Each structure stands twice: as structure tokens, then as C-alpha cells.
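Take a look at the structure set out below.
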Amino acid sequence: MEIKVYKKEGLRLLPNSFKKIGLMVILVPLIISVMFRIFLPEFGRSVMALLVIDFIIIGLLLIALSKEKIDDERILTIRLKAVLSSFIVAVIYTVVSPLLNPLFGDAIKDINGQLVVFTMLLMYQIWFWLLKRADNEEHA
């Protein structure tokens, strides 16, 4: 008879300090973009906007993948609820947005992947903050 031992592994997340790095990855390109708009308005706006959105996505991902100062099962549950909620919102946004565009005078157009990922990460941050705040008030 063989006995198998299973090792319980949690999520492998980045250290908490990556939240600050993620915030810097978001803020520095935003500041540079604003400076370019002020001082060099003829510089390629579409290229700059694309780069800024990419950096915002990377920064939000770093923040989302970072541990909390106190990372326990309660935070893991909150994290799971936030991921599920942001996924649902992104799916609804992807389905409903092209249908609502004609109501506001725009033509029907597809949603690009960058916008969906940005929406999911932003909604994750909002849901995580709201759920964590509600949980802290409940346990206070």
C-alpha cells in the first residue's frame, strides 16, 4: 500500500513591493505623455496613446499579481471574487458595447483585445478594493 502526500501550494504572487513598481509603471508614462502633448503636440498621438495604454496594462497586472501585506485565505477569497466579477463585467462589456454604439451615432465596431484586458484589470482593481474594504468593515 502506497501513501501519497500532496503538498498544498498557494498562489505564487509577486512580493508586495511590486505594487509600488506597478504604480510607477503606470504614472511615469502618463506624465511623459502629458509632457509630450504640451511641448510636442505634433508627435504621433496614436503611437503615444498605444504605448501609454500598454504600460498601464503592465502596471495594473503587476499590482494585481502582488501580494498584500497580510495575505491569508480571506484575501485569497476576495481575490477570487474580484477576478470572477471583473471577468463577468468584461464579457458583458464586450457583448453590449458594439450594440450600444449605434445608439450614440457611432458605427458598429469590434472591441480590440487591448481594451478588454484593460477593462478586466481595471475592474479587478476596483472590485478587489471594494470587496476588501467591505470585508474590513465587517471584521472591524
Side-chain angles (χ1 to χ4, degrees):
M1 181 183 217
E2 186 177 324
I3 299 174
K4 292 186 179 182
V5 178
Y6 294 100
K7 207 174 192 183
K8 185 179 177 185
E9 296 256 344
L11 285 177
R12 293 188 181 243
L13 299 172
L14 298 170
N16 183 265
S17 60
F18 275 79
K19 285 184 184 258
K20 293 176 186 169
I21 294 170
L23 194 58
M24 295 274 291
V25 169
I26 292 171
L27 290 178
V28 170
L30 278 175
I31 293 169
I32 292 172
S33 174
V34 169
M35 290 174 60
F36 267 101
R37 273 226 176 142
I38 292 171
F39 298 115
L40 297 169
E42 67 279 349
F43 190 71
R45 289 181 185 217
S46 61
V47 173
M48 187 59 79
L50 184 69
L51 286 174
V52 169
I53 290 172
D54 286 343
F55 277 104
I56 290 172
I57 288 172
I58 292 168
L60 286 172
L61 182 64
L62 288 174
I63 294 169
L65 294 177
S66 299
K67 288 183 180 179
E68 292 294 304
K69 288 184 180 177
I70 300 173
D71 214 34
D72 55 4
E73 290 84 17
R74 185 174 52 90
I75 294 295
L76 184 62
T77 303
I78 292 171
R79 200 180 294 274
L80 179 63
K81 288 178 184 177
V83 167
L84 182 60
S85 300
S86 66
F87 179 74
I88 291 169
V89 167
V91 169
I92 291 170
Y93 174 74
T94 303
V95 171
V96 171
S97 180
L99 301 175
L100 292 179
N101 282 341
L103 295 177
F104 299 107
D106 293 336
I108 295 177
K109 51 186 169 182
D110 287 334
I111 306 294
N112 66 8
Q114 189 181 42
L115 192 55
V116 173
V117 170
F118 173 75
T119 304
M120 282 184 71
L121 286 169
L122 187 62
M123 291 309 299
Y124 169 79
Q125 293 299 326
I126 293 169
W127 279 109
F128 185 74
W129 182 78
L130 289 172
L131 290 170
K132 194 167 85 167
R133 183 175 171 195
D135 190 68
N136 286 340
E137 288 175 2
E138 183 179 300
H139 285 89

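We're numbering straight along the sequence, starting at 1. These numbers come from a predicted model, not from an experiment.
Qualifying side chain to side chain contact (heavy atoms under 4.5 Å, CB included) partners for Leu61, counting only residues two or more places apart in sequence or in other chains: Leu65, Leu121. Not counting sequence neighbours, the partners of Ile58 by the side chain to side chain contact (heavy atoms under 4.5 Å, CB included) test are Val25, Leu62. Considering only residues two or more places apart in sequence or on other chains, Phe55 meets the ring pair (Phe, Tyr, Trp, His ring centres under 6.0 Å) condition with none of them. Listed by chain and number, the residues in a side chain to side chain contact (heavy atoms under 4.5 Å, CB included) with Arg74 are Asp72, Ile78, Asp135, Asn136, His139 (sequence neighbours excluded). Applying the salt bridge (charged side-chain N to carboxylate O under 4.0 Å, His left out) rule to Asp71 yields the partners Arg79; only residues at least two apart in sequence or on another chain are considered.
The hydrophobic clustering, which links ILVMFWY residues whose side-chain heavy atoms are closer than 4.5 Å, places Ile56 and Met24 apart. In the hydrophobic clustering of ILVMFWY residues, with side-chain heavy atoms under 4.5 Å counting as a link, Val28 and Ile21 come out together.
Leu23 belongs to a hydrophobic cluster with Leu27, counting contacts under 4.5 Å between side-chain heavy atoms of Ile, Leu, Val, Met, Phe, Trp and Tyr, direct or through other members.
Under the 4.5 Å side-chain criterion, counting only non-hydrogen atoms from C-beta, Arg133 is in contact with Trp129.
Pairs passing the salt bridge (charged side-chain N to carboxylate O under 4.0 Å, His left out) check and including a residue from residues 90-101, sequence neighbours excluded, do not occur. Pairs of residues two or more places apart, or lying in two chains, that qualify as salt bridge (charged side-chain N to carboxylate O under 4.0 Å, His left out) and include a residue from residues 14-36 are Lys19-Glu68.
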Kindly list each side-chain donor-acceptor pair under 3.5 angstrom involving residues 84-94, sequence neighbours excluded, with atom names and distances?
| from | atom 1 | to | atom 2 | distance (Å) |
| --- | --- | --- | --- | --- |
| Ser85 | OG | Lys81 | O | 2.9 |
| Ser86 | OG | Ala82 | O | 3.2 |
| Ser86 | OG | Val83 | O | 2.9 |
| Thr94 | OG1 | Ala90 | O | 2.7 |

